Amino acid sequence: MPFNRLQPMLIASLLPLLVFTWFSRDYIGQIDFWLLWLVAMTLVGLPLVFAEIGLAHRSGTSPLVGLPMLTREADVSTVWRGFGWLTIVLLLAVVGHLLASSGEIIHPLVSNIALPALLAIMVLIVIGLSFIKHLAGWLAVGFAVAALVVNVMQGGFVAWQMTATSLTEWAGAVVLALVCVGAGTGLYWHARTHQMLTMSNTATDQARESASRYVLPVWSFQLLAGALIAMTLSPNSAMAAVLNALAMLAGAAYLLHILTHQVSLRLQQQQFNFLALVVLAVLSLALAMLPTAWLNQLIIVISLVTAVWLAVFAGWQMKISHLRKSLNFSSEGLYNLWRIAVRIIVPLAVILAMVGWVLGLAK
């Protein structure tokens, strides 16, 4: 029961701790970039988290299972159900990147083992850790925090400076915000529905609660976690790097557990399917064989696409009355403000980020 209550906070801390360095290492200490990140977290991240929780309250189950019901209710094309599988692909890419990144750190320490063989061994370890479920996530947070402490003790804090702002920086800030809030991964959707089904109150009673009571604490915690990480340097010592690698392995196990749970529910309406676990682990291993630079770009593309997909589906395809009831804001004005953000501001901000990303590739 305590794990279910704390699962949103686990996800909120896990994502920034594990993946921030993939997209922020070029912007360390740049005040203007982190101000853009705060703007992106507010204008893009926050409305999308509200959208996911609204859809979670409406469906009462995970994205893969809930989307067919939502599209039938909204009387829209079944194409919109593809968002559920996009979340699976995005999470697989993240797991593959975690494996590849940890492999890059560990391989020099065991150079007598070929990298593909090492990655295969690591996948077996991740499969084993996935059976301890949420504990793997907390283990990842523990290792990541330890790496952060060691890094600060040995390297200190970042020296801040103001630099020129560009559209490419906006693209990086939006991607970092999307990764931070897990937009497009379905993690909060999954966590919220799991929480609704396992808490003492019925799912119906839970769904009547205001989404703000769930979203705002999680979003605020992400801002705090992101700000703390922004003030530190990338792991620059052997001990910090190894701790970070162990954190990524445990984090990959936790995400693999969530992936297996969602796919198992979709395929056989049961919470665990060993064949699904094996197939997902093999796919993650295949992705881990790719260069991390390629995985970075893959995650960026899928994150931007899923963000627009989620915004358009929640803002333009879902019926107004359904989401108004699911979000249960304290006033009509707040609901209208969210609706403007998710229908107009989020798509425009993400499209602008796509332009900045293309310009960055062209340089």
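The figures here come from the full heavy-atom set of this structure, side chains too, leaving out hydrogens, waters and symmetry mates. Computed from a predicted structure; not experimentally measured. Heads up: numbering here begins at 1 and tracks the sequence.
Relative ring orientation between Y335 and W338 is described as tilted, the plane-to-plane angle lying within the 30° to 60° band. Ring pair W80/W309 is perpendicular by interplanar angle, where above 60° counts as perpendicular and below 30° as parallel. Between Y214 and Y188, the angle of the ring planes goes over 60°, which puts this pair in the perpendicular group of the 30/60° scheme. Classification of the F33-Y27 ring pair by plane angle, with boundaries at 30° and 60°, yields parallel.
Taking CG of L64 as the reference point, atom CG of L265 lies at 8.5 Å (rounded to 0.5 Å). Annotation: the span from L99 atom CG to T292 atom OG1 amounts to 12.5 Å, rounded to 0.5 Å. We find the CD1-CG distance between I302 and L178 to be 12.5 Å, quoted to the nearest 0.5 Å. Between the CZ atom of F313 and the OG atom of S77 there is a distance of 10.5 Å, given to the nearest 0.5 Å. For the atom pair CE (M354) and CD1 (I300), the distance works out to 11.5 Å, reported to the nearest 0.5 Å. In this structure, the separation between OG1 on T260 and NZ on K133 is 11.0 Å, given to the nearest 0.5 Å.
M122 and S102 make their closest contact through CE-OG, 2.8 Å (heavy atoms, listed as atom of the first residue, atom of the second, distance). Pairing each heavy atom of I127 with each of A281, the nearest pair is CD1-CB, 3.6 Å. When all heavy atoms are compared, the tightest approach of A40 to V174 is CB-CA, 4.0 Å. Between A211 and I53, the closest heavy-atom pair is CB-CG2, 4.0 Å. Taking all atoms of both residues into account, the shortest heavy-atom contact from L119 to G103 is CD2-CA, 4.3 Å. The two atoms that bring G60 and T193 nearest to each other are C-CG2, 3.8 Å, heavy atoms only.
Contact of the I106 side chain with the L249 side chain is registered, since non-hydrogen atoms from C-beta on lie closer than 4.5 Å. A heavy-atom distance below 4.5 Å is found between the side chains of L109 and V242. You'll find the side chain of H57 stays beyond 4.5 Å of the side chain of N328, heavy atoms only. A 4.5 Å side-chain heavy-atom check between F143 and M248 finds every atom pair outside the cut-off. The closest side-chain heavy-atom distance from L287 to V95 is not below 4.5 Å. Side-chain contact check for I299 versus L90: some heavy-atom pair is nearer than 4.5 Å. Counting heavy atoms from C-beta outward, F83 and V305 have side chains that stay 4.5 Å or more apart. In this structure, the side chains of L277 and F131 come closer than 4.5 Å at one or more pairs of heavy atoms.
In the hydrophobic cluster analysis, where Ile, Leu, Val, Met, Phe, Trp and Tyr join through side-chain heavy atoms closer than 4.5 angstrom, I344 is grouped apart from L310. Hydrophobic cluster membership differs between W357 and I351, with clusters built from Ile, Leu, Val, Met, Phe, Trp and Tyr side chains linked at under 4.5 angstrom. In the hydrophobic clustering of ILVMFWY residues, with side-chain heavy atoms under 4.5 Å counting as a link, L176 and L35 come out together. Both L361 and L304 sit in one connected hydrophobic cluster of ILVMFWY residues. Membership requires side-chain heavy atoms under 4.5 Å apart, directly or through other members. Note on L359 and L348: separate hydrophobic clusters, where clusters join Ile, Leu, Val, Met, Phe, Trp and Tyr whose side-chain heavy atoms are under 4.5 Å apart, directly or indirectly.
Side-chain atoms of S326 never come within 3.5 Å of backbone atoms of L323 as a donor-acceptor pair (strictly under, hydrogens ignored). A donor-acceptor pair under 3.5 Å is absent between the side-chain atoms of S101 and the main chain of L98, judged by distance alone. Using modelled atom types, no side-chain atom of W219 and backbone atom of V181 make a donor-acceptor pair closer than 3.5 Å. A donor-acceptor pair under 3.5 Å is absent between the side-chain atoms of S264 and the main chain of H261, judged by distance alone. In terms of modelled atom types and a separation under 3.5 Å, the side chain of H107 and the main chain of I113 share a donor-acceptor contact. Without hydrogens or angle criteria, N273 side chain to V263 main chain gives no donor-acceptor distance under 3.5 Å.
Residue pairs meeting the salt bridge (charged side-chain N to carboxylate O under 4.0 Å, His left out) criterion with at least one partner in residues 85-102, sequence neighbours excluded, are absent. Screening residues 312-324 for side chain to side chain donor-acceptor pair (under 3.5 Å), with sequence neighbours left out, gives R58-H322, R324-E332.
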Derivation of the side-chain contact (heavy atoms from CB on, under 4.5 Å) call for W189 and L67
CA-CA 11 Å; W189 184 337; L67 276 164; 3.9 Å; yes
Worked check of side-chain contact (heavy atoms from CB on, under 4.5 Å) between R72 and R81:
CA-CA 10 Å; R72 285 194 298 270; R81 300 176 186 177; 3.7 Å; yes
Would you check, one step at a time, whether the test side-chain contact (heavy atoms from CB on, under 4.5 Å) holds for L15 with C180?
CA-CA 6 Å; L15 291 174; C180 185; 5.9 Å; no
Can W37 and Q30 be said to form a side-chain contact (heavy atoms from CB on, under 4.5 Å), step by step?
CA-CA 11 Å; W37 174 72; Q30 296 184 18; over 6 Å; no
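No more than 12 heavy atoms of other residues, nucleotides or ligands shown are found within 6.0 angstrom of CH2 on W294. Heavy atoms of other residues, nucleotides or ligands lying less than 6.0 angstrom from CE of M162 number more than 12. Within a 6.0 Å sphere centred on CE of M239, heavy atoms belonging to other residues, nucleotides or ligands number 12 at most.
Using a 3.5 Å distance cut-off with no hydrogens or angles, the side chains of S62 and Q262 do not pair a donor with an acceptor.
Under the rule for a side-chain contact (heavy atoms from CB on, under 4.5 Å), the partners of A311 that lie at least two apart in sequence or sit in another chain are L48, V342, V346, P347.
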